[in-house]
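So the structure is just underneath, and the comments pick up after that.
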Amino acid sequence: MLIQTTRFGELEFDPNEIVFFPHGIPGFQNFKKYTIISLEESPFFYIQSVENGDLAFVSISPFEFYPEYEFQLPDHVERELEVKSIEEVRVFNIVSVKGNLEEATTNLVAPIVMNASNRKAVQVILENTGYSTRHALFHNEADQKEGS
């Protein structure tokens with residue numbers, strides 16, 4: 001299938017690769033079908049709507065940037081996604097880039113959790129965590145000195 005996109009021009013995707021968000025992504029509930037686009041030699045992905053070519057989210061696998069990132073998947077989400085084993089689960093976090101990539105942040109409070117087996121996904125809003133909606137992706141030297 002083909003879709004005209006703002007970022008990639010004409011994009012061909014396999015309909016079997018569509019990720020279905022039963023509730024959409026918060027703020028974009030009308031769009032429920034997406035495809036995941038990996039960028040070669042990059043830790044970034046695009047979550048591209050296949051229903052609206054103008055709608056795409058830059059995202060990451062949080063474990064590439066925050067190896068100690070963890071959370072408890074709520075039981076109702078686990079049931080909704082029909083998760084049978086942890087190996088089926090993929091996690092993405094949406095990235096916000098305003099200006100320089102070096103200043104990009106990611107939202108660790110609201111991971112996108114996908115069951116890779118059935119390609120269903122939801123954006124989970126975590127409660128009672130120490131994470132924020134604006135974690136810096138790249139730490140500068142001043143941050144490293146403060147943390148050491």
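FYI, side chains are in, hydrogens and waters are out, and symmetry mates aren't considered; it's all heavy atoms of this structure. None of the values given here were measured: they were computed from a predicted structure.
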- Message: Would you say CD of Q72 has more than 12 non-hydrogen atoms from neighbouring residues, nucleotides or ligands within 6.0 angstrom?
- Response: no

- Task: Could you walk me through whether T105 and V95 pass the side-chain contact (heavy atoms from CB on, under 4.5 Å) test, one step at a time?
- Result: CA-CA 6 Å; T105 61; V95 172; over 6 Å; no

- Donor-acceptor contact present, side-chain N115 to main-chain L81, <3.5 Å: yes

- Hydrophobic cluster membership, I37 vs I47, 4.5 Å side-chain cutoff: no

- Query: Does CD belonging to E127 count more than 12 external heavy atoms closer than 6.0 Å?
  - Reply: no

- Query: Is there a side-chain contact between N107 and S96, using heavy atoms and a 4.5 Å cut-off?
  - Reply: no

- Item | Sole candidate of V124, V91, V122, I94 that passes side-chain contact (heavy atoms from CB on, under 4.5 Å) when paired with I112 | I94

- One should read off an interatomic distance between H135 NE2 and T133 OG1, to the nearest 0.5 angstrom, of 8.5 Å

- dist L55:CG -> R7:CZ (nearest 0.5 Å) comes out at 9.0 Å

- Inter- and intrachain pairs under salt bridge (charged side-chain N to carboxylate O under 4.0 Å, His left out), touching residues 94-103, at least two apart: none

- Message: Same cluster or not: L39 versus I36, using hydrophobic residues (I, L, V, M, F, W, Y) connected whenever any side-chain heavy atoms lie under 4.5 Å apart?
- Response: no

- Minimum side-chain heavy-atom gap F71-V113 below 4.5 Å: yes

- Can you find a side-chain donor-acceptor pair between E51 and S49 that sits under 3.5 Å? no

- Can we call the ring centroids of Y131 and Y66 under 6.0 Å apart? no

- Message: Give me each pair satisfying ring pair (Phe, Tyr, Trp, His ring centres under 6.0 Å) with a member in residues 82-108, each pair once, sequence neighbours excluded.
- Response: F45-F92

- What closest approach, in Å, do A56 and Q48 show between heavy atoms, and which atom pair accounts for it? CB-OE1, 3.3 Å

- Any side-chain donor near an acceptor of the partner, N93 and T106, under 3.5 Å: no

- Can you check whether R119 reaches M114 side chain to side chain, under 4.5 Å on heavy atoms? yes

List, one per line, each side-chain donor-acceptor pair under 3.5 Å for residues 8-28, sequence neighbours excluded.
residue : atom : partner : partner atom : Å
D14     : OD1  : N16     : N            : 2.8
D14     : OD1  : N16     : ND2          : 3.4
H23     : NE2  : E80     : OE1          : 3.4
H23     : NE2  : E80     : OE2          : 2.5

- Message: Quick check: Y46 with F44 (ring centres under 6.0 Å apart)?
- Response: no

- Query: Just wondering, are more than 12 heavy atoms of other shown residues or ligands nearer than 6.0 Å to CD1 in I86?
  - Reply: no

- State, with a plain yes or no, whether a side-chain heavy atom of P111 is found less than 4.5 Å away from one of L126. yes

- Query: Relative to the ring of F57, is the ring of Y34 parallel (under 30°), tilted (30 to 60°) or perpendicular (over 60°)?
  - Reply: tilted

- Quick one: CZ on R90 to CZ on F63, what's the gap to the nearest 0.5 Å? 11.0 Å

- Is there a donor-acceptor pair under 3.5 Å between the side chain of E88 and the backbone N or O of K84? yes

- Task: Evaluate whether atom NZ of K33 has more than 12 neighbouring non-hydrogen atoms of other residues, nucleotides or ligands under 6.0 angstrom away.
- Result: no

